[in-house]
Amino acid sequence: MLILGNYASAYKCQNVTITIPKTDIGEIKIVGGYANITTAEDYQISGTLCLPKSGKSKIVQLLLHAVTHDRRYWDFPYGSGTYSYPKTAVESFGFATLAIDRLGTGQSSWPPSLETGPNQQVATFHSIADQLRKGNIGGIAFEKVVAVGHSRGALLIEYWVATFPTDMDHIVLTGWYRNVDLTTPAFQKFFSNLVPVGQVHPNMKAPDSKYVTLATEESRVASFFHNPMYEHKISGIDYAISQPFTITNDVEIMSLTAGTTRFKGTVLVIFGANDALGCITGLCTESIFAKEPTYWSGASNFATWLMPATGNSINLHRTAPSANAYINGWLFRNGVNPYV
């Protein structure tokens, strides 16, 4: 059973199932080469759509989680709303949110791992954005879509926007920056701690052994959390509800994201100053963002924020309310207004 932290007195949420029809979009020319964007079969993507109490909003935020998580990352089932991104975005700022289980995780379709790569992921995002604008999800035709991604979700947004730069109007990336070094000891330790998901969750029947997850709670803590800025009960729940992901070549994906320069909307990039995966010395400085503006040179507004005292899983730290308020406040201040 999927447990979500829904605080419906101030806003309302509903679980939705989105059909991604079998599609062969064909070869799409992107900077650096071609991407063959296809879906091999009809996929079912599960999500949670949250709306203001009025039931109306002109702007929806599409929330894309990281590896080993599902959509509960955004609305964590602990803390009475402390770790709920929708609570801030919907209740305080009037946005709608759609948090999905990406292909190959949670309650969405689990096809063979070869069918869960970045091209298939982008195909699902492309279809969802189109359906959100047409009113096929929740019965509301949203005027604008904000793509919000965490870690792998953020990397996939970069690939998505390089391929389909008009699918979204604004972008927020958390737990990721373009020059992350995937060869560091921290990343190598992360990769070495991956095991087939059935070894951690015997009840999860993956189609093949390339559906993997982190082996222990300790390995999750080392990669995702910054002590003492998280509640220790959080890490236990996080491990208990952990999810698989399928191994892809992130370096190759990164090589196909140069087309982000074509994006014309607003872009915000946030990274935790104590992210064990991305901060080689254990403490990042603003220098990690030195090249970021060049990747988003076409953006109408661009900003970065190095979030103090926070590890990789930003929404699971004590600083989560501050992060969520900052993100939505920044969007609002830069003209992303769901009421206008």
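Side chains included, hydrogens not; waters and symmetry mates left out as well; all remaining heavy atoms used.
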Point-to-point distance, once rounded to the nearest 0.5 Å, from OG1 of Thr124 to CG of Asn119 | 11.0 Å

List the atom of Leu51, the atom of Ala96, and the distance in Å for their closest heavy-atom pair.
-> CD2-CB, 3.6 Å

Please walk me through it: do Arg133 and Asp169 pass salt bridge (charged side-chain N to carboxylate O under 4.0 Å, His left out)?
-> CA-CA 11 Å; Arg133 293 183 191 276; Asp169 300 278; 2.9 Å; yes

Got a donor-acceptor contact below 3.5 angstrom from the Ser84 side chain to the Lys87 backbone?
-> yes

Establish, from distance only, whether the side-chain atoms of Glu231 and Tyr83 form a donor-acceptor pair under 3.5 Å.
-> yes

Nearest-0.5 Å distance that lies between atom OG in Ser57 and atom CD in Glu143 | 9.5 Å

Among Tyr43, Tyr159, Trp160, find the residue that satisfies the ring-ring contact (aromatic ring centres under 6.0 Å, His included) test when tested with Phe125.
-> Trp160

Determine whether the side chains of Thr294 and Ser297 contain a donor N or O and an acceptor N or O closer than 3.5 Å.
-> no

If you measure from the Lys or Arg side-chain nitrogens to the Asp or Glu carboxylate oxygens, is any gap between Arg71 and Asp101 under 4.0 Å?
-> yes

Flag, side chain of Ser127 to backbone of Ala123, donor-acceptor distance under 3.5 Å = no

For residues Leu331 and Gln61, determine if any side-chain heavy atom of one lies less than 4.5 Å from a side-chain heavy atom of the other.
-> yes

Given Asn315, Thr82, Thr319, the one that forms side-chain hydrogen bond (donor to acceptor under 3.5 Å, both in side chains) with Asn324 = Asn315

Side-chain donor-acceptor contact under 3.5 Å, Thr19 with Gln44 | yes

Determine whether Val200 and Ile241 fall in the same hydrophobic cluster, where Ile, Leu, Val, Met, Phe, Trp and Tyr are linked whenever their side-chain heavy atoms lie under 4.5 Å apart.
-> no

Could you tell me how the ring of Phe190 sits relative to the ring of Phe187: parallel (under 30°), tilted (30 to 60°) or perpendicular (over 60°)?
-> perpendicular

Examine Tyr73 and Met204 and state if one hydrophobic cluster contains both, with Ile, Leu, Val, Met, Phe, Trp and Tyr joined whenever side-chain heavy atoms are less than 4.5 Å apart.
-> no

Near Leu283 CG, under 6.0 Å, is it more than 12 heavy atoms from other residues, nucleotides or ligands?
-> yes

Okay, side chain of Arg262, backbone of Trp296: is any donor-acceptor separation there less than 3.5 Å?
-> no

Checking Thr105 side chain against Arg102 main chain: does a donor-acceptor pair fall under 3.5 Å?
-> no

Can you find a heavy atom in the side chain of Thr97 that is under 4.5 Å from one in the side chain of Leu49?
-> no

Do you see a donor-acceptor pair shorter than 3.5 Å between the side chains of Thr174 and His150?
-> yes

Rounding to 0.5 Å, atoms SG (Cys279) and CG (Leu306) come to a distance of 7.0 Å

Residues His201, Gln243; criterion side chain to side chain contact (heavy atoms under 4.5 Å, CB included); working and verdict | CA-CA 9 Å; His201 301 298; Gln243 292 289 313; over 6 Å; no

Run the salt-bridge test on Glu158 and Arg178 with the 4.0 Å N-O cut-off and return the result as yes or no.
-> yes

Carboxylate-amine/guanidinium contact Arg72 Asp70, below 4.0 Å | yes

Phe191-Val212 co-clustered via ILVMFWY side chain contacts under 4.5 Å = yes

Tyr339, Ile327: one ILVMFWY side-chain cluster at the under-4.5 Å cut-off?
-> yes

Flag yes if Phe245 and Val195 sit in one hydrophobic cluster, no otherwise; membership is Ile, Leu, Val, Met, Phe, Trp, Tyr, and two members link when side-chain heavy atoms are under 4.5 Å apart.
-> no

Side chains of residues 263-271: which donor-acceptor partners sit under 3.5 Å, not counting sequence neighbours?
unit_1, atom_1, unit_2, atom_2, d
Thr266, OG1, His170, ND1, 2.7

Indicate whether the side chain of Asn328 and that of Thr88 have a donor and an acceptor atom separated by less than 3.5 Å.
-> no

Polar side-chain atom of Ser109 near backbone of Pro111 as donor-acceptor pair, under 3.5 Å = no

Residue pairs, two or more places apart or on separate chains, that pass disulfide bond (SG atoms under 2.5 Å apart) and touch residues 170-206 = none

Quick check: does any side chain N or O of Ser92 sit under 3.5 Å from a backbone N or O of Ala89, one acting as donor and the other as acceptor?
-> no

Do the non-hydrogen side-chain atoms of Val336 and Ile59 ever get within less than 4.5 Å of each other?
-> yes

For Arg220, the side chain to side chain contact (heavy atoms under 4.5 Å, CB included) test, sequence neighbours excluded, returns Thr68, His69, Thr213, Leu214, Phe224, Asp238, Tyr239, Ser242

Could you check whether the rings of Phe95 and Phe332 sit parallel, tilted or perpendicular, using 30° and 60° as the cut-offs?
-> perpendicular

Kindly indicate, with the supporting measurements, whether the criterion side-chain hydrogen bond (donor to acceptor under 3.5 Å, both in side chains) is fulfilled by Thr216 and Ser219.
-> CA-CA 5 Å; Thr216 64; Ser219 58; 3.1 Å; yes

Sequence neighbours excluded, the answer for side chain to side chain donor-acceptor pair (under 3.5 Å) partners of Ser223 is none

Going through the checks in order, is the side-chain hydrogen bond (donor to acceptor under 3.5 Å, both in side chains) test met by Thr246 and Thr116?
-> CA-CA 7 Å; Thr246 54; Thr116 63; 2.5 Å; yes

Sub-3.5 Å donor-acceptor pair from the side chain of Gln14 to the main-chain atoms of Thr48, do we have one?
-> no

Are the side chain of Tyr85 and the backbone of Leu63 linked by a donor-acceptor contact shorter than 3.5 Å?
-> no

Salt bridge or not for Asp130 and Lys134, using N-O below 4.0 Å?
-> yes

Can you pull the side chain to side chain donor-acceptor pair (under 3.5 Å) pairs that have at least one residue in residues 182-199, sequence neighbours excluded?
-> Asp181-Thr183

Is the backbone N or O of Pro202 less than 3.5 Å from a side-chain atom of Lys205, with the two atoms forming a donor-acceptor pair by type?
-> yes

Output yes when a side-chain donor or acceptor of Ser108 lies under 3.5 Å from a complementary backbone atom of Ser46, and no otherwise.
-> yes

Check: Ile157 and Val172 side chains under 4.5 Å, non-hydrogen atoms = no

State yes or no: are the ring centers of Phe164 and His126 separated by less than 6.0 Å?
-> yes

Contacts of type side chain to side chain donor-acceptor pair (under 3.5 Å), residue Trp110, not counting sequence neighbours | none

